[in-house]
Amino acid sequence: EAKDALVKVSEERTLEELRVKFLGKKGVVKEFLSQLGSLDVEMRKELGKVANEVKDEIERLIAEAESRIAAIKREAKLKEGVVDVSLPMKTLPVGYPHPLTLVTQKMVSIFQSMGYTVVDGPELEKEEYNFDMLNIPKHHPARDDHDSFYVQDGWLMRTHTSPVQIRTMLNKKPPIAVVVPGRCYRRDAVDATHSHTFHQMEGLVVGEGISFADLKGTLLLWAKLMFGEQTQIRLRPDYFPFTEPSAELAVTCPVCHGPGCPVCKHTGWVELMGCGMVEPTVLKNCGIDPSKYSGFAFGLGIERVAMTVYGIKDIRHFYENDIRLLEQFRA
Ligand code: PHE
């Protein structure tokens, strides 16, 4: 009976029922063995041996049924998940680097080639690093240019990458040569040239005998590598609390279409960054001796550079992720 049933069984549940029926605690074999006690010794030995052989045989048939059922299941699963390799494949849409990424990468690699290191800082910043230690105390008029998103007392979304100057100088002794690309925030009304969230790249060099000539030479080389060999720079006096003297750097319009050029408004020049010699007070604030060391710093808007390079007229294009704009930047 066991053999007939076990060679046919094709379901796990039925197999388990059969196992209980024949080999279980109250199963046929146990039942049979429990009755042997009343027989004489010879008979008991003989029938006990037969019963054990029957039990072994049933176990073997169960194992066989188990592997048969496993094979059936495997087969069913394969049928279910069969892949038709002859079907045409789906092509996934491919993305391209964002223009801001392209410009950032190019600027970063130019400065890396001059020996600069790339460093990072937090976007949620201490007021102390964003302003105070950069020589912009509370109620300083320069704070008015930085309409800020305060998060809580003493903390804000950084309004520029300059606080990373402080973090760098607090952490490292000169010589220092770093660039800091990163996101910044200002509570500005959004229009064609303003965005509450934007990107800057900061540069900081501190060492012995660093002069304004080093700043000028560095930025001229950067401008030529960035916009082309013919590019010239112009430095005009400016004011920043954390640099003295300070300057505004302009480059000759890299895309000049002559009169009516939308990028330089036919002035021939595009103003790109603020820069200057690190204010001695700022060095002192960071534990660097201004009688031994000097340095220069610069900061520029990455959007502004990208708009100049690619002739993009509205800053909002960068954030809308319109695929028609992004597709124009396939490498
Ligand atoms: N942090 C200044 C800004 O956001 C730019 C700057 C950086 C100027 C470094 C001088 C030196 O306007």
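Indexing begins at 1, ligand by ligand and atom by atom, following the structure's order. Numbering starts at 1 and runs along the sequence shown.
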Which pairs would a plain distance check flag for residues 111-124, meaning a side-chain donor or acceptor within less than 3.5 Å of a matching protein atom at least two apart in sequence or in another chain?
residue, atom, partner, partner atom, Å
S113, OG, I110, O, 2.6
E123, OE1, Y185, OH, 2.5

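For the pair R187/H196, no side-chain contact is recorded, criterion being any heavy-atom separation below 4.5 Å from C-beta on.
Between the side chain of S195 and the main chain of T197, a donor-acceptor pair closer than 3.5 Å is present.
The contact shell of ligand 1, taken as protein residues with any non-hydrogen atom closer than 4.0 angstrom, comprises H160, S162, Q165, R186, Q200, E202, F240, F242, T243, G274, C275, A297, F298, G299.
Ion pairing of R143 with E127 is present here, as a side-chain N (NZ or NE/NH1/NH2) and a carboxylate O approach within less than 4.0 Å. Between E64 and R60 there is a salt bridge, with a side-chain nitrogen of the basic residue lying less than 4.0 Å from a carboxylate oxygen of the acidic one.
None of R183, R158, R167 except one satisfies the salt bridge (charged side-chain N to carboxylate O under 4.0 Å, His left out) rule with E125; the exception is R167.
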